[in-house]
Amino acid sequence: REVRALATAIASNAPLTVRATKEMTRRLMALRRIGSDDAKDLIELCYGSADFQEGVAAFLAKRPPQWKGR
């Protein structure tokens, strides 16, 4: 039950941010092995997206965001 609740909470977040978080986790695990630290593309993916703008607008309007994954 707790795992389902956590999965539901994660799935309700902005799709691009969830995708970037998963990719960043993968890269951090690789960093331990190879020593690379490049995340600029993931930051641009999330903060330059329509979902980011929607998240800000929804927060300011005190309404739930409508994520599109773009």
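Everything numeric here is computed off the predicted structure, so don't read it as measured data.
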Subject >> Minimum-distance pair of heavy atoms, taken over all atoms of Trp67 and Ser12 >> reply: NE1-O, 2.9 Å
Original post:
If you take all heavy atoms of Leu16 and Asp51, which pair is closest and at what distance?
Top reply: N-OD2, 4.3 Å
Subject >> Exceeds 12 heavy-atom contacts within 6.0 angstrom, atom CZ of Arg70 >> reply: no
**OP:** Could you grab the distance from atom CG of Leu28 to atom CZ of Arg26, nearest 0.5 Å is fine?
**Re:** 10.0 Å
Original post:
Do Val18 and Met29 share a hydrophobic cluster, counting only Ile, Leu, Val, Met, Phe, Trp and Tyr and linking them when any side-chain heavy atoms are less than 4.5 Å apart?
Top reply: no
**OP:** Identify the two heavy atoms, one from Pro65 and one from Gly55, that lie closest to each other, and give their separation to 0.1 Å.
**Re:** CB-CA, 4.5 Å
Subject >> Arg27/Glu23 salt bridge by N-O under 4.0 Å criterion >> reply: yes
Original post:
So, for Gln66 and Glu54, which heavy atoms are closest and what is the spacing to 0.1 Å?
Top reply: N-OE2, 2.9 Å
